[in-house]
Amino acid sequence: MTITFKKIEQKWQLEWERKKAFEVKEARGKKKFYVLEMYPYPSAGGLHMGHALNYTIGDIQARFRRMQGFNVLYPMGYDSFGLPAENAAIKAGEHPKKYTNKAIANFMKQQSYLGLSYDWQRKIQSHDTDYYKWNQYFFLKFLEKGLAYRKKAAVNWCKKCDSVLANEQVHNGKCWRHTDTEVETKQLEQWFLKITDYANELLNNVDKLDWPERIKIMQKNWIGKSHGTEIEFEVANKNKVVLVDAVHCLVDAEGKVNQELRTYLDVLGNKKIVLTNAPKENHKVFFKNIDYEIFTLENKPNKKNPDYYEKVLKKFNLGANDVIYFEHDKESAESAKSVGINTLFYQNKVGEVKEFVNNALNQKWSIFTTRPDTIFGVTFMVVSAQHPRLFELVTKEQKSKVEKFFKKVKSIRQEEVEQLDKEGVFTGSYAINPLTNEKIPVWVGNFVLADYGSGMVMAVPAHDQRDFEFAKKYNLKIKEVIKGGNSNINEKAYVGEGVLVNSGKFNSIDSRKAIEEITKHLQSKKLGEKQIQYKLKDWLISRQRYWGTPIPVVYCDECGIVPVSESQLPVKLPDKVKFGKGNPLATNKQFVNAKCPKCKGKAQRETDTMDTFFDSSWYYLRYCDSRNKKQPFDKKKVEYWMPVNQYIGGAEHACMHLIYARFFTKVLRDLKIIGKIDEPFIKLFNQGMLHGSDGFVMSKSRGNVINPLDIIKKYSADILRIYLISVAAPDSDYAWSDKGIEGVSKFVNKIINYFNNIKFGKSSARIESKLHKAIKEITDDIDNFRYNLAVIKLRQLFEVIESEKYLSKGDAGNFLKLLSLFCPYIAEEFWHKIGNKTLISLENWPKADEKKIDDKLEHVDNLVDKVIGDINNIVKLIKEKQNKVAEKCYLYVLPSEFVNYNNNLEKIKKRTNIQVQVFAVNDKNKYDPNEKANKAKPGKPGIYVE
RNA sequence: GCAGGGGUAGCGAAGUGGUCAAACGCAACAGCCUCAAAAGCUGUUCUCUUAGUGAGUUCGGAGGUUCGAAUCCUCCCCCCUGCACCA
């Protein structure tokens, strides 16, 4: 009687379904266990081997926990919104919904072949209105809380598509559909979620997670917290012309020089015009070293008359906005103001010039640094070429150079950025070092990020390698301010710690301490403060595509942005749309035209849809109560099932889905939509990558793809399952091997063969010992995802079982239970065949009986193995040396060990293939022609072969 | 460059202080079975040596700690993965 795999697979699938074996309900008294695999995108290609591995790993865990007595929630669903369905729609003309539903049906069929023990009642699909309705609901909640907002952002734009592209649609800087068209960066209004509000908690909680270390580190780096100091630098707008009155500029009433004004005139790189009627030598003293122009109007003009200023502006062809003016006389100042000139009526008050210049030239630039201790070494500043305020800094003289540079930077593709040389151009502006009052040139550079910190950095070439390279290239000053180690700042920046030099009153302080001290000093002068920066940016969720959740807001001509009211949800995705150019929603009038919920006036619907990562950020909560029509889920049910005890999926989601989902959980907790659940996934397991037999990633173009269905057809689902997890540890990468699955197939067939011809009887002590040891070790191995080792132990156990005459029914059942995790179909089948009416899938996991584990038996087995090896070796040698064929072998053993060997006669015979006889050494009647009995030692019998 | 994970016999892959020439699988070789092949069963597979012995050299390389190291420490080389000029 043999087994037809296909038959038993169908039989038990039906049986599981009929008995609702894997459907679960909350049961207060029962401990729960939530096993979850990352829900898949249902591609038309169906299941690939990576899926099969992923789900097998999860299913083994789910079956194990279920048998251990847990109330196991093990659901499946589909991440069914997204780009490929829309692409297919454009290409094949098939509606995304139809395409997706077909793909899901196919996925489900294939998954059921694999013997996965899902609770299918809980299935979810993110493209269902019943699901995405709640996306919209959550969005409104976020909006209410200020966690969703709209802001201008850079997006990928294709001219030919007339549309925004997702990052995935940009290939090598070109549009995926127009390979001749460079993707442009455009500034558009987009929706964001304020994930940065949670940056700190997301970071701190990482350490509490039982996740693979590398994922935790990836998340930490992604969030990227750094402590530093924000320092305010002043930079002048150099395009404004500075007008200064000359009559009273030199001294005040008491004859004191206005030193502050003088400093600023020196520092401001702007064009300076001194208005005067009668040039005096005094001017030269006051304006010493300052580049200025003298301007005199003829006919003794009256500076108190507004006409005067209009004439001045006209003369230089300037508008009132193009200049600022310093005037010491009140009446004159008022006149200048009356023609619209930004004028300071200066009165020698401390700080008045500074305040005025700050306001007039809009020139405060806060920069972020982790090394405020090096502030005395700042010799230039660098602003990002992508900075929106860049051109405020550029002077007329430098404009063409900067523009040229700007274009060059813009044309550089993402992939090239890595090997870029540091390059830049002088903007023409200068900044003022707040501690030294030194004048520092401001450059624009290609190595400064616009969206980190303030987009401008203070450059300390002596102590930062990037700044150093830049300084060397453009011959900028390098000023050493930290001494430490054998630093030689002519060759390389010294980035380590040390003692401050050339740093005024901070000299000889340790650099670490100086970070504190200088920050404190800046703080006291209101020039800076401690700051924490994150690399994490707010999450842009707007997508200009059809196949996603519509963002539930309208734009009213009167009221502006108005959220759709909750009672009107869902905003349904219209079925009838035209695919082609751009976002099909934008051209769908029925969809776009809406009533304003507030004023009932005309309004346009938002046509952007949500990033699909929004869908996957809470699906694990929906599984807890997936058919709830009134709420996203019942809070109590979520409280029962959450958090997920074991999450399983690929490492590629480390910084996207896994951060978003954590963020969502925290927000929903704070909105009191769920209880006090801080983290969604306690434990995470990353499966390894399964490569083709050539060692490369499986891909159609390489032709190394192995389809799970083909393997199931050829071998069976059980064989595929046990193969997938027995080659290597499930978290390490490995390559598919045809020979490997062949080997596993032999093993499974041996088991089938054995159970077809099984003879029940009392299990030997040897079997019992081995069985209970295996139970103990396999339990531990499964617990720790060492599936490969568990299979080895199962094989070794089977070897012992097979070598013995009888097996008890109970032990046969125990063996099948161990097997059932890996090979559920044949386990069910034989469980049934040996007379059980229950499902093995719902049986109790066997308990190891320590008392039955007998290490002595194992020790004897080892000794017998050794003797077998020795006998075979001798047989081989006498054949080679003496050309004699051995027929019989005699063992001479210590009397105390006689039983050990005599009990194993059959085994020895079988494995040496000759007759064997055992004598105790003290046996007077023993046959021992060569006196080999003398050689006998404990655990090592003497051997004679003839 | 930084961070993380690795480098183990022909290959895949266990093993983290002695019981290790190192599980298990594959491959190869030999024997049994068979008319024969496949399958199945049994054995062998670092080197030399040998009636089961003994000796030597191994776990990326070089040093070190230890009575004792694949396993601990230091330095170096190589591979993979992630981040990438984050100030």
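Proteins get letters first, then strands, A, B, ... in listed order; numbering begins at 1 in each.
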In Watson-Crick or G-U wobble terms, both distances under 3.5 Å, what is the partner of [N]?
{"N": "B:G4", "value": "B:C80"}
{"N": "B:C26", "value": "B:G10"}
{"N": "B:U74", "value": "B:A62"}

What is the distance, to the nearest angstrom, from the [atom1] atom on [X] to the [atom2] atom on [N]?
{"X": "A:Asn788", "N": "B:A23", "atom1": "CG", "atom2": "C1'", "answer": "12 Å"}
{"X": "A:Lys879", "N": "B:C32", "atom1": "NZ", "atom2": "P", "answer": "7 Å"}
{"X": "A:Ile725", "N": "B:A13", "atom1": "CD1", "atom2": "P", "answer": "16 Å"}
{"X": "A:Asp464", "N": "B:C86", "atom1": "CG", "atom2": "C1'", "answer": "11 Å"}
{"X": "A:Asp731", "N": "B:A14", "atom1": "CG", "atom2": "C1'", "answer": "13 Å"}

Q: List the protein contact pattern of nucleotides 2-12 of chain B with one symbol per nucleotide (5' to 3'): B for base contact, S for sugar-phosphate-only contact, - for none; contact means a heavy-atom distance under 4.0 Å.
A: -SS-------S
Run the side-chain donor-acceptor check on residues 738-753 of chain A: report pairs under 3.5 Å with partners two or more places apart or on a different chain.
from, atom 1, to, atom 2, distance (Å)
A:Asp738, OD1, A:Trp736, NE1, 3.0
A:Glu742, OE1, A:Tyr715, OH, 2.8
A:Ser745, OG, A:Asn749, ND2, 3.3
A:Asn749, ND2, A:Ser745, O, 2.9
A:Asn753, OD1, A:Asn757, ND2, 3.4

Q.
Could you tell me if the side chain of A:Ser384 sits less than 4.5 Å from the side chain of A:Leu449, heavy atoms only?
A.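 No, side chains not in contact.
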Taking the minimum atom-to-atom distance to the side chain of [X], which one of [options] wins?
{"X": "A:Leu449", "options": "B:U50, B:C24, B:C85", "result": "B:C85"}
{"X": "A:Leu789", "options": "B:G43, B:G25, B:G15", "result": "B:G15"}
{"X": "A:Asn913", "options": "B:C32, B:A51, B:C86", "result": "B:C32"}

Q.
Between A:Asp207 and A:Lys220 (salt bridge meaning N to carboxylate O under 4.0 Å), is one present in this structure?
A.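 Here A:Asp207 pairs with A:Lys220 in a salt bridge, since their nearest N and O are under 4.0 Å apart.
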Q: Determine the contact category for A:Lys793: base if any of its heavy atoms lies under 4.0 Å from a base atom, sugar-phosphate if only primed atoms, P, OP1 or OP2 are that close, otherwise nothing.
A: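 A:Lys793: no heavy atom of the nucleic acid under 4.0 Å.
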Q.
Tell me every residue that passes salt bridge (charged side-chain N to carboxylate O under 4.0 Å, His left out) with A:Arg795, counting only those two or more places apart in sequence or in another chain.
A. none
Q) Is it true that the side chains of A:Tyr892 and A:Asn934 contain a donor and an acceptor less than 3.5 Å apart? A)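 There is no such pair between these side chains.
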